[in-house]
There are 2 protein chains.
Amino acid sequence: LSKHAPTLIAVDWGTTSFRAYSIGPRGAILDRIESPRGVQSIAAGEHETLLTSLLKPWRRAGASPPILLSGMIGSRQGWVEAPYVRTPAGLKETAAAIITIKSKGLGEIGVVPGVLLEEGSSGPDVMRGEETQVFGALAASGRAAGDFVLPGTHSKWARVEGGRIVSFATYMTGDAYAALRDHTILARLIKAGREDSDGFAAGVRAAQQLAAPGDLLHALFMTRTLGLFDRLSAEQLPEYLSGLLIGAEIHAAATRGANPTVIGSPTLTRRYCEAGRILGVAFETAPDDCAALGQSALFVEWRKLRSAD
Amino acid sequence: LSKHAPTLIAVDWGTTSFRAYSIGPRGAILDRIESPRGVQSIAAGEHETLLTSLLKPWRRAGASPPILLSGMIGSRQGWVEAPYVRTPAGLKETAAAIITIKSKGLGEIGVVPGVLLEEGSSGPDVMRGEETQVFGALAASGRAAGDFVLPGTHSKWARVEGGRIVSFATYMTGDAYAALRDHTILARLIKAGREDSDGFAAGVRAAQQLAAPGDLLHALFMTRTLGLFDRLSAEQLPEYLSGLLIGAEIHAAATRGANPTVIGSPTLTRRYCEAGRILGVAFETAPDDCAALGQSALFVEWRKLRSAD
């Protein structure tokens, strides 16, 4: 056995992206393959063919280790639906709910379930893929508790206790940002494209001063009036709007005194850290490739469960 | 002089609509003309021709009283820009800032200014047209103080003291509602078109329970999960979203113990009253045609000022 033989192919397969990792015996990432073929671009019945084609470079090399998939690929809009596991959800509970696809060409493929927070003060709520990234961040830090934020179109804030996700909440920050920027009266004034930390900081500070939840609807209009009266330039306005929404999200979601860990792209992580500095929230950062790290940890549990069968 | 001879033609000319009122000596509305030719549909240089054509039915009858225009027609995107008057703005301050267009065919045309709230805790903010409706509601009720809400794409909440608008705030409620409903992940689940008071009430109650401003970004996502888990039907979801946003607006804007007056269409007025019942805010309603009533009152002041010249 070559020292570079992979023991797992881990695939983080989301709505708009595909990221595969070839993983060695001790969890080291040996290689990666990325593609824009996210779940929303794939017709029913085409998943196996596409996956075979995307993984061809590795299979040519003769390797055929088990494959794990996480993310929206396991949703009703994906390949096969892997029913949600309920909170509290740790590695064990999640690995136990992995479902298996038998593929003639690819062998055994595990599909990681999403996590469901049942109806209550802040539910129902759901995640798919983020649970795996949280497990990866936990594995990397050696911690079993903490707050985690996965910023994006639908930002997730998850609380972990005793190695298990005990609660979480989704904030429609990125999705709302794009809709408000492009499809309201703000679209006429806004010029997007350039980062501007002054505009962003002004938005975060505005978020900090809001009192009631509905004040956010008023602050949105300030994006317009600050532009109309030349307090901010057209290029600063989208940054103000971004700061306002990200600031409001952090202000609402961060627990007083806790240092949440950001799991995200460098760009988004930088924005959250910048907003956190203004709001007095000290973010920690997670390593890249938390999805691969989480899948490695889930794989260990999955193998244990199956050898016990 | 016929007892039906108009003394004023009052035009409420907004972004998407045109409403003209023929007004008699004691402020009675003698006739009205409506058109969908709002400001955004008119090219520069075409306003006079269009107004002449729209008012033709009345001019055929031989009447040529002075004309007053209020609304976005007086903005930079309108016919002529009537510079904002600053708060506190009453009938006198506003009438004194009316600017005049001399038209060969139509005679003298007054353009009512908008109102500006200078930068401060909740400004800068602007209104154009709503000030005239507030003056109309004041004239109709005989009051000189109170809170007024003009719901819509950009809801305005105005506070009046001593007959003057002393402060106000815009909430992007209707604009945000449409963008979020049609241009986010919510669009996939939502079926718009039917009123549903249970769905609306659920949204208002959800708004009532929000703590921090950013919680609104989480509650938006609940529109999705409540649909995913069949807690609300596809037809109820847009009503939930509407209740959530209108509820958040009222909860943030209404002053404890005050009974704000709604100035709006019957449909929107009904929604605000319904939300108010849940939130413990007792709305009063204004008569129809507050714009015409406000213009009549402004006209009296304008005439006084001009005869004093």
Side-chain angles (χ1 to χ4, degrees), chain A residues 15 76-77 116-119 121-126 153-155 157 169-173 175-188 207-226 228-229 231 244-254, chain B residues 15 76-77 116-119 121-126 153-155 157 169-176 178-188 207-226 228-229 231 244-254:
Chain A
T15 304
R76 221 174 292 175
Q77 291 79 43
L116 164 67
L117 178 76
E118 297 239 38
E119 195 155 6
S121 63
S122 84
D125 209 330
V126 289
T153 308
H154 302 143
S155 291
W157 285 72
T170 305
Y171 294 77
M172 261 179 63
T173 311
D175 207 356
Y177 167 75
L180 294 165
R181 184 193 61 191
D182 298 339
H183 299 284
T184 66
I185 197 172
L186 303 181
R188 295 190 215 166
Q208 194 173 19
Q209 283 161 22
L210 301 177
D215 289 341
L216 191 56
L217 295 167
H218 170 54
L220 291 177
F221 193 72
M222 301 280 286
T223 313
R224 176 169 163 74
T225 50
L226 290 169
L228 277 180
F229 295 102
R231 302 295 196 279
L244 181 63
L245 296 176
I246 289 176
E249 177 198 316
I250 295 172
H251 198 55
Chain B
T15 304
R76 221 173 292 174
Q77 291 79 42
L116 163 68
L117 178 75
E118 297 239 37
E119 196 154 6
S121 64
S122 83
D125 208 331
V126 289
T153 307
H154 302 144
S155 290
W157 285 72
T170 304
Y171 294 77
M172 262 181 62
T173 310
D175 207 356
L180 294 165
R181 184 193 61 190
D182 298 338
H183 300 284
T184 66
I185 198 171
L186 303 181
R188 296 190 214 165
Q208 196 174 18
Q209 283 160 25
L210 301 177
D215 289 342
L216 191 56
L217 295 167
H218 171 54
L220 291 176
F221 193 71
M222 301 280 286
T223 313
R224 174 168 165 75
T225 52
L226 290 169
L228 277 180
F229 295 102
R231 303 294 197 279
L244 181 63
L245 295 176
I246 289 176
E249 177 199 316
I250 295 172
H251 197 55

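Letters A, B, ... mirror the listed sequences (proteins, then strands); counts begin at 1.
Although no hydrogens or angles enter the test, the distance criterion places no donor-acceptor pair under 3.5 Å between the side chain of B:His218 and the main chain of A:Tyr171.
Contact of A:Ala211 with chain B is made through the backbone alone, with heavy-atom distances under 4.5 Å. The parts of B:Leu245 that come within reach of chain A are both its backbone and its side chain, each placing non-hydrogen atoms under 4.5 angstrom from that chain.
Distance check, rounded to the nearest 0.5 Å: CZ of A:Arg224 to OG1 of B:Thr170 gives 9.5 Å.
With sequence neighbours excluded, the residues that form a ring pair (Phe, Tyr, Trp, His ring centres under 6.0 Å) with A:His183 are B:His183.
Per-residue counts of heavy-atom pairs under 4.5 Å with chain A were compared for B:Ile185, B:Ile250, B:Leu216; the largest is that of B:Ile185.
You'll find the side chain of B:Val126 reaches within 4.5 Å of the side chain of A:Phe229, heavy atoms only. Using a 4.5 Å heavy-atom cutoff, the side chains of A:Met172 and B:Thr223 are not in contact. When side chains are defined from C-beta on, A:Thr225 counts as touching B:Pro124, because their heavy atoms get closer than 4.5 Å.
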